[in-house]
Amino acid sequence: MTTIASIGTGNMGTALIQGILSADADITVRATTNSTASAQRLSKELPSATVTAVEDDAEANGKAAAGADFVFVGVKPWMMAETLRELAPNLDASAVLVSMAAGVAASDLAKLAPENPIVRIMPNTPSSLGHGVIALAPDAEVPADSVDTLRQLLSGAGLVVDLDESQIPAMTGISGSGVAYFFLLAEAMIAAGVKQGLSEDDARQMVVATADGAGRLLSRKPDPGAQRQAVSSKGGTTLAGLSKFIDAGIFDIAEAAAQAAADRSLEMERENSEVIDG
Ligand SMILES: NC(=O)c1ccc[n+]([C@@H]2O[C@H](COP(=O)([O-])OP(=O)(O)OC[C@H]3O[C@@H](n4cnc5c(N)ncnc54)[C@H](OP(=O)(O)O)[C@@H]3O)[C@@H](O)[C@H]2O)c1
């Protein structure tokens with residue numbers, strides 16, 4: 001039986017553990033939060049996990065991590081230094097530390113937990129449904145069998161992609177943050193539908209179902225260009241609409257968005273590195 005400690009289990013940590021547990025129930029999960037209120041909420045979302053709040057027990061993180069095979073850390077990036085400094089003495093030497101923080105480099109994580117193998121992952125929130133994307137970037141010293149077990153666990157949460165750590169900012173720019181770009185497009189399309197005279201409820205339902213349908217078609221045939229051309233008849237409505245996106249520079253906008261998120265990821269790495277070096 002594999003034991004996972006989930007230290008700091010908020011939006012992302014909960015989504016990841018939900019995905020992992022949906023595929024393999026034979027896993028022990030010990031999860032922590034800071035506040036009692038969050039722990040109460042989390043107990044409902046992860047009924048099979050043992051949940052403790054630091055507010056109720058100052059030693060909660062250390063107790064959850066002791067003896068765990070994998071210690072997932074899901075606190076905010078700027079809290080990693082403080083959290084890991086406290087946690088490191090409680091980790092078994094064989095425990096694999098799994099950081100999901102954006103903008104904290106593995107070399108800095110290693111300064112905080114020098115005795116442990118370290119894996120950086122970059123998940124996204126559809127992991128809760130088993131439809132996430134999870135980049136997996138293990139340090140060279142992580143044993144191969146631990147990487148295999150982790151890959152297997154994470155596959156319950158979605159598509160696991162092996163990347164070099166240097167590729168994590170690029171992955172963040174299109175996938176970790178990319179989920180929100182699709183949400184933004186949906187928001188814009190609902191607003192446009194309302195301007196065209198639809199009720200907000202109708203527009204929302206239709207845009208959400210359209211996004212779901214488009215996603216399913218893309219999963220079946222993962223060639224968005226070909227799918228777009230297949231529905232763009234010459235002189236038709238779709239081509240008229242698409243030309244507005246293309247004329248407004250949708251490819252340039254996507255490139256700038258991916259670049260901005262990747263740049264911010266690297267900037268956060270530098271900021272957090274300064275904090276860690278004190
Ligand atoms: N959200 C995303 O889409 C996404 C995507 C990729 C990566 N990430 C990464 O995932 C990490 C978490 O992000 P999030 O959006 O899930 O944040 P979040 O919802 O705010 O979750 C943070 C969690 O940490 C807990 N916490 C705070 N201080 C703690 C302490 N001292 N000990 C134990 N737990 C503590 C919080 O508890 P309370 O609720 O009680 O304060 C909360 O459960 C970040 O590092 C982020 O970079 C997020």
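Just so you know, these numbers use all the heavy atoms, side chains as well, and skip hydrogens, waters and symmetry mates. Numbering of ligands and ligand atoms starts at 1, following listing order.
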Quiz item: Side chain or backbone of Val54 under 4.0 Å from ligand 1, or both, or neither, by non-hydrogen atoms?
Solution: side chain
Quiz item: Is atom CD of Glu82 surrounded by more than 12 heavy atoms (other residues, nucleotides or ligands) closer than 6.0 Å?
Solution: no
Self-check item: Numbering as shown, the atoms of ligand 1 that approach Thr32 to under 4.0 Å (heavy-atom distance)
Solution: 33 (C)
Quiz item: With backbone taken as N, CA, C and O and side chain as the heavy atoms from C-beta onward, which portion of Glu55 lies under 4.0 Å from ligand 1: side chain, backbone, both, or neither?
Solution: neither
Quiz item: Which bit of Ala101 is near ligand 1, meaning a heavy atom under 4.0 Å away: side chain, backbone, both or neither?
Solution: both
Quiz item: Taking atom CG of Leu16 and atom CG of Asn124, what is their separation to the nearest 0.5 Å?
Solution: 9.5 Å
Quiz prompt | Interfacing atoms of ligand 1 (cut-off 4.0 Å, heavy-atom, Met122) | solution = 6 (C), 7 (C)
Quiz item: Which ligand 1 atoms, with their elements, are less than 4.0 angstrom from a heavy-atom of Ala102?
Solution: 47 (O)
Quiz item: So is there a nitrogen or oxygen of Gly10 less than 3.5 Å from a nitrogen or oxygen in ligand 1?
Solution: yes
Exercise. Could you tell me which atoms of ligand 1, counted from 1 in the order shown, lie closer than 4.0 angstrom to a heavy atom of Thr125?
Key: 3 (O)
Quiz item: Hey, does Gln227 have a side-chain heavy atom less than 4.5 Å from the side chain of Val231?
Solution: no
Exercise. Pull out every atom of ligand 1 sitting under 4.0 Å from any heavy atom of Pro77, numbered as shown with elements.
Key: 44 (C), 45 (O), 47 (O)
Self-check item: Option whose closest heavy atom lies nearest to atom 32 (N) of ligand 1, chosen from Asn34, Asn124, Ile121, Asn61
Solution: Asn61
Quiz item: At a non-hydrogen distance cut-off of under 4.0 Å, which region of Asn11 contacts ligand 1 (side chain, backbone, both, or neither)?
Solution: both
Exercise. For the pair Arg120 and Asp139, find out whether any cationic side-chain nitrogen is under 4.0 Å from an anionic carboxylate oxygen.
Key: no
Quiz prompt | Carboxylate-amine/guanidinium contact Glu187 Arg204, below 4.0 Å | solution = no
Self-check item: ligand 1 contact on Glu82 by region, counting heavy-atom pairs under 4.0 Å
Solution: neither
Self-check item: Residue portion contacting ligand 1 (non-hydrogen atoms closer than 4.0 Å) for Val104
Solution: neither
Practice problem: Test Leu84 against every option in Leu91, Leu97, Val75, Ile7 by the side-chain contact (heavy atoms from CB on, under 4.5 Å) rule and name the one that passes. | Solution: Leu97
